[in-house]
Number of protein chains: 2
Amino acid sequence: MTSADGDSASGVLHRPDPETARERVGAAIDRGAMITVFGRCTVEYEGRAASTLGPGDRLVVLKPDGTALVHTDEGQKPVNWQPPGCTHEATLADGEFRIVSRRTAPDERLVVAFEQVEQVSTFDVTDRHDLALTGTEEDLRQRILDDPDLVEAGFRPLAIERETPAGAVDIYGEDREGATVVVELKRKRVGPDAVGQLSRYVETLDRELHADAEIRGFLVAPSVTERARGLLAEKGLEFVSLGPPE
Amino acid sequence: MTSADGDSASGVLHRPDPETARERVGAAIDRGAMITVFGRCTVEYEGRAASTLGPGDRLVVLKPDGTALVHTDEGQKPVNWQPPGCTHEATLADGEFRIVSRRTAPDERLVVAFEQVEQVSTFDVTDRHDLALTGTEEDLRQRILDDPDLVEAGFRPLAIERETPAGAVDIYGEDREGATVVVELKRKRVGPDAVGQLSRYVETLDRELHADAEIRGFLVAPSVTERARGLLAEKGLEFVSLGPPE
DNA sequence: CGATGGATATCGCAC
DNA sequence: GTGCGATGTCCATCG
């Protein structure tokens with residue numbers, strides 16, 4: 001045991017035996033602490049898909065919200081995981097310390113079996129601050145509502161997130177002639193999928209509105225791929241280049 | 001200091017002062033170790049977007065491949081991160097221990113400034129085992145190639161990933177009458193986007209092939225949403241229900 | 001390097 | 001719960 005044991009804010013065990021690891025992790029799960037376990041382990045997952053992972057050194061993170069993450073030394077994404085809301089369990093089986101995380105609807109199960117536990121750490125964590133993020137699609141929308149001429153001189157926004165049978169349109173409005181305008185926003189370079197999305201909005205509005213009504217579709221993004229540009233031309237849609245704020 | 005210090009496989013510091021934390025993390029970065037730091041910190045990010053995060057208790061993971069992750073007590077995704085390939089730096093500024101991670105193309109920068117470091121851990125990690133995953137789209141494709149009648153009696157696959165101007169078709173073949181068949185596979189319930197994808201394949205092949213050639217489009221998936229079903233009917237495409245193996 | 005599409009995507013919101 | 005679209009998506013693959 002280390003001096004950390006007397007500290008409620010955090011605790012650490014170095015190379016605990018399986019039973020000691022099970023006790024510490026089980027207690028931390030019950031306490032609602034954040035837990036990291038590093039050691040040599042195998043991983044099995046079964047649920048939406050299924051996978052097995054042979055022995056290797058990995059970092060396991062258990063969060064009080066029921067999230068489980070298994071990280072190797074590479075990659076931003078965990079090699080295995082469970083989403084928030086799962087139930088974690090610390091068990092002993094065949095003399096091994098194991099972490100089992102389950103959920104239902106859909107049924108999913110993650111089992112991490114440790115051959116050797118290098119370290120168990122627990123943390124009592126408080127974090128009330130929300131992330132303030134800028135440079136998103138909503139920012140782009142606000143810039144256009146502040147200055148509709150960015151789309152086209154005389155453009156008048158009438159609604160945001162206007163519902164159509166094909167889904168909600170980002171910005172709905174009229175051009176200077178009174179023709180209906182549909183605007184699809186993308187915060188980064190767009191491919192063919194965005195053109196298909198805009199096209200569906202225009203097509204369904206074509207049916208919904210007056211038969212002789214002209215409907216113009218605008219795609220607003222920093223840039224388009226060559227294939228997407230071709231699809232735009234083919235479908236008679238327009239493109240406006242608008243990048244993130246400097 | 002704990003007994004772990006003499007062990008090259010892992011090391012831990014409890015509540016180090018900023019300078020000690022900087023030394024230990026800087027050395028571990030240079031050594032190519034995996035690092036976890038837990039403590040009270042603020043986070044700033046600037047790059048593809050920008051964000052700030054006020055003080056709170058968070059777990060920071062630095063990987064030898066240049067990945068950085070900042071995890072709070074909630075959520076599966078890190079609240080902030082840097083992708084693999086970044087350069088990490090451990091610095092002292094205003095008496096605080098800071099972790100700075102940068103990359104170029106695009107320029108991105110992540111700064112984690114610690115008011116209080118609860119724990120620093122380092123691990124020498126090797127993991128050469130690959131993940132074996134089943135229940136994927138490739139599994140579904142193999143099942144159909146093994147038994148093409150799953151799509152339709154008499155279906156004959158001729159190619160996989162056949163290129164078209166609209167992208168690669170999952171399975172390309174002929175029905176019993178010799179008509180061209182395009183099959184789009186999805187491993188789970190599909191929405192309108194998959195119908196758009198299949199529709200583009202059929203449309204472009206319609207132009208590419210003989211004008212009088214009949215082209216049939218099949219969407220193979222466990223199920224479809226109501227809107228997607230409508231789009232399929234509208235575009236004259238067919239649906240085959242085929243779920244993951246039990 | 002960019003383009004393309006899959007993913008146990010995750011996440012948030014509307015219904 | 002399902003449906004739908006955004007994401008600093010990440011990631012592998014291909015040209």
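Throughout, protein chains are lettered first and strands after them, A, B, ... in sequence-line order, and every chain is numbered starting at 1.
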Taking only N/O atoms, report every protein-nucleotides 1-4 of chain D pair under 3.5 Å with atom names and distance.
residue : atom : partner : partner atom : Å
D:dG3   : OP1  : B:R189  : NE           : 2.9
D:dG3   : OP1  : B:R189  : NH2          : 2.1
D:dG3   : OP2  : B:R189  : NE           : 2.4
D:dC4   : OP2  : B:T225  : OG1          : 2.9

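Counting non-hydrogen atoms under 4.0 angstrom, A:N80 reaches a base of the nucleic acid. At a threshold of 4.0 angstrom between heavy atoms, the contacts of A:E46 with the nucleic acid are absent.
The local environment of CD in A:E138 is sparse, with at most 12 non-hydrogen atoms from other residues, nucleotides or ligands closer than 6.0 Å.
The distance from atom CD1 of A:I144 to atom CG of A:L185, rounded to the nearest 0.5 Å, is 4.5 Å. Separating the CG atom in B:L53 from the CZ atom in B:R58 is a distance of 3.5 Å, to the nearest 0.5 Å. Taken from CG in B:L145 to CG in B:L140, the straight-line distance is 9.5 Å, to the nearest 0.5 Å. Here the CG-CG distance, from A:L133 to A:D139, works out to 7.5 Å after rounding to the nearest 0.5 Å.
The salt bridge (Lys or Arg N to Asp or Glu O under 4.0 Å) contacts involving residues 98-110 of chain A comprise A:R48-A:E108, A:E89-A:R102, A:D94-A:R98, A:E96-A:R98, A:R103-A:E108, where partners must be two or more places apart or lie in separate chains. Pairs of residues two or more places apart, or lying in two chains, that qualify as side chain to side chain donor-acceptor pair (under 3.5 Å) and include a residue from residues 156-168 of chain B are B:R141-B:E161, B:R156-B:E174.
Between A:R207 and B:E234 a salt bridge is recorded (basic side-chain N to carboxylate O distance below 4.0 Å).
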Throw together a table of side-chain donor-acceptor distances under 3.5 angstrom for residues 76-86 of chain B, partners on residues two or more places apart or in other chains.
residue : atom : partner : partner atom : Å
B:N80   : ND2  : B:S51   : OG           : 3.1
B:Q82   : NE2  : B:S101  : O            : 2.9

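Of the residues near DNA chain C, A:D193 and A:Y45, the one whose nearest nucleotide (by heavy atom distance) lies more toward the 5' end is A:D193.
Not a single salt bridge (charged side-chain N to carboxylate O under 4.0 Å, His left out) links A:E137 to another residue, sequence neighbours left out. Scanning for side-chain hydrogen bond (donor to acceptor under 3.5 Å, both in side chains) contacts around B:Q142 gives B:D146, with sequence neighbours left out. Residues satisfying the ring-ring contact (aromatic ring centres under 6.0 Å, His included) test with B:Y201, not counting sequence neighbours, are none. B:F218 pairs by the ring-ring contact (aromatic ring centres under 6.0 Å, His included) definition with nothing, not counting sequence neighbours.
Using atom P as the reference point in both D:dC11 and C:dC11, the two lie 15 Å apart (nearest Å).
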With sugar-phosphate taken as primed atoms, P, OP1 and OP2 and all else as base, the protein-contact string of nucleotides 9-15 of chain D at under 4.0 Å (heavy atoms; B, S, -) is SSS----
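Within residues 134-142 of chain A, the residues that have a heavy atom under 4.0 Å from DNA chain D are, in order of number, A:T136, A:E137. Residues from residues 229-240 of chain A that place a heavy atom under 4.0 Å from any atom of DNA chain D: there are none.
With contacts defined as side-chain heavy-atom distances shorter than 4.5 Å, the pair B:F155/B:V183 qualifies.
Between A:Q197 and the phosphate of D:dA6, there is a side-chain N or O to OP1/OP2 separation shorter than 4.0 Å.
Protein chain A touches strand DNA chain C; the 5'-most and 3'-most nucleotides with an atom under 4.0 angstrom of its non-hydrogen atoms are C:dA3 to C:dC11.
Side chains of A:T204 and A:E208: no donor on one and acceptor on the other come within 3.5 Å.
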